[in-house]
Amino acid sequence: GNSIEYFRSRSAEPPFTYDLPNTALVALACTSPGTMSCGLLRDFPLSNSTRFDPFLAQVTLAQPVAVNQWLGLERLDYTDPNGSQQIGLRFAVSNLTRPDFSWSPYADYDSALNQPVFSVAANWTKTIRPTLTNHLTIGWNYERPSFGRAHPDVPILEVTGGNPGTNPLLPGSPGAYSFDNSNRSAELNNSVIVVRGKHIVRFGGGAFWRRTDDFLGYGLDGEYFFN
C-alpha cells in the first residue's frame, strides 16, 4: 500500500515597523550614481515619507510565515506460498520547506529552509524449521536540512551611529551565515531465534554506519558598520 500527504500553511507574524532609507537619504548619499552602493539602494522601492525623520521612512509590514510539506509512504509485503518466508519493504520520503524562513523587508533577500528526508527499510524472516527462525533487517536514512544566505555577494550592512531609534535597515540578507547539514546512516541487524522445549533463545548482532557533513559559514560574506 501507499500513502501521500501534503500540508500547506499560510500565516503572518504581528505587524512590525521598520525604519528604511527614503528617497532623501539616497539622494544625499548617492553623489556618484554609478557606485555599487547607490545601485544597491536604488534597486528597491523607496518611500517619500519624512514625518518620522528627514532621511527615514517608517514602513509597517507583517512577516509572512509559510510551511509546505510533502509526505509519502510506500509499503510492500510478500509471504511465500508455504509461509516459511516473509519479506517487507518500506520507503518513506518527506520534504519540508519554509520559503520565508529568513525574511527581509527588501524583496529578493528572503532565504528558504529546505529539509528533505529519505528512508528505506527492509526485513526478511526465514523459518528454517519450526524451532529455528532467522530475522534480518536493513535500513538506510538520509536527511539534509539547509538554508542559504540570499545574495552572498552583498555583505551585512549595519548602521550603528546616529540618533538612537533612527538607524535605517539597509538592504541585505538578515542572516549572517548559510547552513547545510547532511546526515546519512545505514544499519544492518540479524538475529536467530531457537526454541528448545520451554526455552526460547535469541541471539544476533548488528552494524551501524553514519556520516555527517556540516557547513556553517558564519560571516564569510563580510560585515560593514556605518556610524
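From a predicted model like this one, the values you see are computed outputs, not experimental measurements. These values consider heavy atoms only, across backbone and side chains, with no hydrogens, waters or symmetry-generated copies.
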Peer 1: Under 3.5 Å, is there a donor-acceptor pair between the side chain of S173 and the main chain of G175?
Peer 2: yes
Peer 1: So among N68, D110, L113, which one has a side-chain contact (heavy atoms from CB on, under 4.5 Å) with P99?
Peer 2: N68
Peer 1: What's the spacing between L73 CG and S119 OG if we round to 0.5 Å?
Peer 2: 9.5 Å
Peer 1: Show your reasoning for whether side chain to side chain donor-acceptor pair (under 3.5 Å) applies to R144 and S182.
Peer 2: CA-CA 4 Å; R144 187 176 183 178; S182 176; 5.0 Å; no
Peer 1: So do the side chains of Q58 and Y18 get within less than 4.5 Å of each other, counting heavy atoms only?
Peer 2: no
Peer 1: Going by side-chain contact (heavy atoms from CB on, under 4.5 Å), V117 matches just one of N95, N141, L96, L71. Which one?
Peer 2: N141
Peer 1: Got more than 12 heavy atoms from elsewhere within 6.0 Å of CD1, I4?
Peer 2: no
Peer 1: Could you check L89 against F91 for side-chain contact (heavy atoms from CB on, under 4.5 Å), going step by step and ending with a plain yes or no?
Peer 2: CA-CA 7 Å; L89 178 64; F91 177 76; 5.7 Å; no
Peer 1: Nearest 0.5 angstrom please: D214 CG to S146 OG, how far?
Peer 2: 12.0 Å
Peer 1: Kindly list each side-chain donor-acceptor pair under 3.5 angstrom involving residues 129-140, sequence neighbours excluded, with atom names and distances?
Peer 2:
unit_1 : atom_1 : unit_2 : atom_2 : d
N134   : OD1    : N190   : ND2    : 3.1
N134   : ND2    : N190   : OD1    : 3.1
H135   : ND1    : T125   : OG1    : 2.7

Peer 1: Is it the case that one hydrophobic cluster holds both F16 and W103, taking links as side-chain heavy atoms less than 4.5 Å apart, direct or via other members?
Peer 2: yes
Peer 1: For Y78, I'd like to know if atom OH has over 12 heavy atoms of other residues, nucleotides or ligands within 6.0 Å.
Peer 2: yes
Peer 1: Please say yes or no: joined through hydrophobic side-chain contacts below 4.5 Å, possibly via intermediate residues, are Y218 and F215 part of one cluster?
Peer 2: no
Peer 1: Show the nearest heavy-atom pair for residues A57 and N22, with the distance to one decimal.
Peer 2: CB-CB, 4.1 Å
Peer 1: With a cut-off of 6.0 Å (strictly less than), are more than 12 heavy atoms of other residues, nucleotides or ligands near CD1 of I200?
Peer 2: no
Peer 1: With a 4.5 Å limit on heavy-atom distance, are the side chains of E223 and P155 in contact?
Peer 2: no
Peer 1: Side chain to side chain donor-acceptor pair (under 3.5 Å) between E5 and W70: does it pass, once the steps are laid out?
Peer 2: CA-CA 6 Å; E5 297 180 9; W70 285 95; over 6 Å; no
Peer 1: Between L188 and I87, is there a shared hydrophobic cluster once you connect ILVMFWY residues whose side-chain heavy atoms come closer than 4.5 Å?
Peer 2: yes
Peer 1: Does D213 form a salt bridge (charged side-chain N to carboxylate O under 4.0 Å, His left out) with R184? I'd like the steps, not just the answer.
Peer 2: CA-CA 9 Å; D213 297 314; R184 286 153 288 190; 2.4 Å; yes
Peer 1: For the atom pair OG (S3) and CD (E74), what is the distance rounded to the nearest 0.5 Å?
Peer 2: 10.0 Å
Peer 1: Without swapping roles, check the side chain of Y106 against the backbone of L169 for a donor-acceptor pair under 3.5 Å.
Peer 2: yes
Peer 1: Given side chains that start at C-beta, do those of D19 and V59 come closer than 4.5 Å, heavy atoms only?
Peer 2: no
Peer 1: Do the non-hydrogen side-chain atoms of F147 and N114 ever get within less than 4.5 Å of each other?
Peer 2: no
Peer 1: Calculate, to the nearest 0.5 Å, the distance between atoms CZ and OG belonging to F118 and S94 respectively.
Peer 2: 9.0 Å
Peer 1: Do T97 and Q69 pass the side chain to side chain donor-acceptor pair (under 3.5 Å) test, and can you show the C-alpha distance, the side-chain angles, and the key distance before you say yes or no?
Peer 2: CA-CA 6 Å; T97 61; Q69 184 176 26; over 6 Å; no
Peer 1: Quick check: are there more than 12 heavy atoms from other residues, nucleotides or ligands sitting under 6.0 Å from CZ of R10?
Peer 2: yes
Peer 1: Are T17 and T60 linked by a side-chain donor-acceptor pair shorter than 3.5 Å?
Peer 2: yes
Peer 1: What are the two closest heavy atoms between Q63 and D100, and how far apart are they?
Peer 2: NE2-O, 3.8 Å
Peer 1: Working to the nearest 0.5 angstrom, can you tell me the gap between L216 CG and S178 OG?
Peer 2: 8.5 Å
Peer 1: Not counting sequence neighbours, which residues clear salt bridge (charged side-chain N to carboxylate O under 4.0 Å, His left out) with R90? List them please.
Peer 2: D77
Peer 1: Using a 4.5 Å cut-off on heavy atoms from C-beta on, say whether the side chain of S84 contacts that of K126.
Peer 2: yes
Peer 1: Okay, side chain of R149, backbone of V154: is any donor-acceptor separation there less than 3.5 Å?
Peer 2: yes
Peer 1: Are Y177 and F179 an aromatic pair by the rule of ring centers under 6.0 Å?
Peer 2: no
Peer 1: So, does S111 use its side chain to make a donor-acceptor pair with the main chain of A150 at under 3.5 Å?
Peer 2: yes
Peer 1: Do side-chain atoms of T79 reach the backbone of Q86 as a donor and acceptor pair under 3.5 angstrom?
Peer 2: no
Peer 1: Compute whether any side-chain donor of one residue and acceptor of the other, for N183 and R210, lie under 3.5 angstrom apart.
Peer 2: yes
Peer 1: Please round to the nearest 0.5 Å and tell me the distance separating atom OH of Y224 and atom CD of E158.
Peer 2: 14.5 Å
Peer 1: Are N181 and T212 close enough that some pair of their side-chain heavy atoms sits under 4.5 Å apart?
Peer 2: yes
Peer 1: For N189 and E187, run side chain to side chain donor-acceptor pair (under 3.5 Å): C-alpha distance rounded to whole Å, both residues' side-chain angles, the deciding distance at 0.1 Å, then the answer.
Peer 2: CA-CA 7 Å; N189 294 285; E187 188 172 0; 3.1 Å; yes
Peer 1: Give me the atom names and distance for the closest heavy-atom approach of L157 to P171.
Peer 2: CD1-O, 3.8 Å
Peer 1: Please answer whether the main-chain N or O of G83 pairs with a side-chain N or O of D80 as donor and acceptor at a distance below 3.5 Å.
Peer 2: yes
